Amino acid sequence: MGEGLVEQRQADDKASWDAYWKVRDIDSRGSIYPRFRYYAHKAFDAPATWFRETIVQPLNNKNRLPYYHRQLTRVPEIDECGVNDKACFYEANEQYRLDKMVDGFILQTLRQRVDRCMLYNNPDHSPCAKVIEDMEENELNFFMKYGELGGESDVRDAYMKQKHRMIWERRHPEIMDERAAKLADHKARLANGEFDYSFWKKGMFYQDKKNYEPPYEFQMSKSALEGDKPLSKDWEYYKKVSQDPEFDKDQGKKSDFRLF
Amino acid sequence: MLPQLSRLQTSASIRSLGFRRLASSHSHSDAKVERKPDNYRPGTDSYAYENPWPKLNGGRLDWLFGDGWRRPLAKDQGAKMRREWIWFSQIAHDEHKDWARFHQAAFLLFTVLTTWFTCWIMFARPDWPMGREWALREAHLEIARREKAGLPLISPDLIPRDRVAATLPSDEELRDFDVLI
């Protein structure tokens with residue numbers, strides 16, 4: 001429409017406030033106290049709005065200074081640096097630090113989207129399937145790129161992590177093929193409107209199997225952070241598992257957690 | 001009759017002994033000790049000069065610190081150099097000037113400078129070389145760019161895969177090197 005972004009935003013803002021006052025006007029018709037309250041609020045709002053729209057905004061639009069977002073030139077990555085080239089390593093590490101911060105803020109933005117969507121659509125979170133999918137996928141990508149390196153890692157550690165991962169993928173093509181097939185199946189079901197949250201995370205904290213220790217002689221058999229924990233506190237469960245081949249064939253290997 | 005008589009004699013002798021001892025000690029100590037009022041506190045009668053705040057006399061601070069807690073007087077207020085004065089290493093010949101200069105310096109350093117430095121760190125520090133504000137804006141711009149290009153918002157690869165694959169060692173070179181991820 002030829003206007004600038006500032007003019008568009010101001011027009012949208014004015015339209016929103018006009019709609020608000022129209023609702024107040026229609027809502028308070030035929031009543032006594034709400035109508036007088038509307039008049040009182042309007043009496044305060046009208047001169048302030050007039051002053052802002054006729055005096056303040058033209059001055060601000062005339063004197064507005066532009067804001068420039070700094071464009072950083074990309075420097076050679078760590079794979080193009082010489083082994084003893086400390087200047088090249090320093091530049092690559094600074095670039096890695098900024099890229100990691102940008103990715104962290106991207107992930108933070110995605111998490112905020114999920115939080116706002118779940119808060120807005122409480123208790124039915126099914127409209128949030130897309131934003132949850134985006135957040136989980138990019139959180140996994142962030143972990144694959146930067147995860148478990150520690151606070152003192154530099155760009156060489158991240159580079160070695162990627163190299164090791166690619167070597168592992170080369171050595172296990174069958175696992176990578178199965179993961180790709182499962183991901184494609186998950187995406188197809190998501191497109192059909194079926195969102196399976198357990199594809200990303202198998203459960204929540206309160207479903208962690210670390211709480212499945214027997215109530216007697218409480219001595220932790222393994223670290224609570226590991227995944228291999230007892231399935232049940234009931235000895236009869238294990239007896240039935242050993243005697244009945246058809247009883248509980250999954251044995252905790254599948255998750256039935258439903259987000260919605 | 002006999003037990004009652006013995007008990008009476010014993011109590012009488014003890015009573016006379018006590019009286020005699022008390023009488024001798026009391027009469028003996030009277031000649032040496034000067035009596036003090038019942039609200040007397042040791043050390044509260046050793047002012048170096050006449051106290052200009054009489055209403056504050058006899059308080060807890062006087063009882064604890066004597067007159068050391070009071071603000072020193074200026075010369076025109078009738079100040080004299082106190083024998084108990086411990087100086088602030090500023091001016092050795094004037095107690096009030098010494099006190100005033102030290103407290104002025106302490107206010108400038110501890111209050112004004114600390115507040116300004118805190119506010120500078122919180123509000124006025126430039127973004128670089130940390131780049132945190134830049135990264136936050138760049139994150140939103142990057143989201144818009146990647147959504148338009150159809151790429152994942154966060155790439156799992158630090159360096160493009162083809163460039164890394166070109167330099168990966170072969171299986172013959174790695175031999176039995178175990179890769180755990």
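Quantities reported herein were computed from a predicted structural model and do not represent experimental measurements. Lettering follows sequence order; numbering is per chain, from 1.
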[X] versus [Y], closest heavy-atom pair with distance:
X        : Y        : result
A:Asn138 : B:Pro152 : OD1-C, 4.0 Å
A:Arg171 : B:Asp178 : NH1-CA, 4.2 Å
A:Asn141 : B:Ile154 : ND2-O, 3.0 Å
B:Leu158 : A:Tyr159 : CD2-N, 3.7 Å

Tell me, out of [options], who's got the most heavy-atom pairs with chain B below 4.5 Å.
options                               : value
A:Gln108, A:Arg170, A:Lys163          : A:Arg170
A:Glu148, A:Lys100, A:Arg97, A:Glu137 : A:Arg97
A:Met144, A:Arg70, A:Glu77            : A:Arg70
A:Ile78, A:Val155, A:Thr109, A:Asp79  : A:Asp79

Distance in Å, [X] [atom1] paired with [Y] [atom2], rounded so as to fall on 0.5 Å steps:
X        : Y        : atom1 : atom2 : result
A:Arg113 : B:Ile143 : CZ    : CD1   : 5.0 Å
A:Phe105 : B:Arg132 : CZ    : CZ    : 4.0 Å
B:Glu142 : A:Asp99  : CD    : CG    : 8.0 Å
A:Leu72  : B:Glu138 : CG    : CD    : 7.5 Å

Heavy-atom cut-off 4.5 Å, strictly under: side chain, backbone, both or neither for [X] against chain A?
X        : result
B:Arg146 : neither
B:Pro129 : backbone
B:Leu141 : side chain

**Asked** In terms of the angle between their ring planes, are B:Phe177 and A:His164 parallel, tilted or perpendicular, with boundaries placed at 30° and 60°?
**Response** perpendicular

I'd like to know whether [atom1] of [X] has more than 12 heavy-atom contacts from other residues, nucleotides or ligands below 6.0 angstrom.
X        : atom1 : answer
B:Trp85  : CH2   : yes
A:Leu59  : CG    : yes
B:Arg145 : CZ    : yes
B:Arg175 : CZ    : no
B:Ile121 : CD1   : yes

**Asked** Is the closest side-chain heavy-atom distance between B:Leu180 and A:Trp168 below 4.5 Å?
**Response** no

**Message:** Between B:Asp171, B:Val179, B:Ile159, who has the most heavy-atom pairs with chain A when the cutoff is under 4.5 Å?
**Reply:** B:Ile159

**Request:** Using a cut-off of under 4.5 Å on heavy-atom pairs, state which of B:Pro169, B:Ala165, B:Gly131, B:Ala139 scores highest against chain A.
**Result:** B:Ala139

Does any backbone or side-chain atom of [X] lie under 4.5 Å from a heavy atom of chain B? Answer side chain, backbone, both or neither.
X        : answer
A:Glu169 : side chain
A:Glu80  : side chain
A:Tyr96  : side chain
A:Leu107 : both

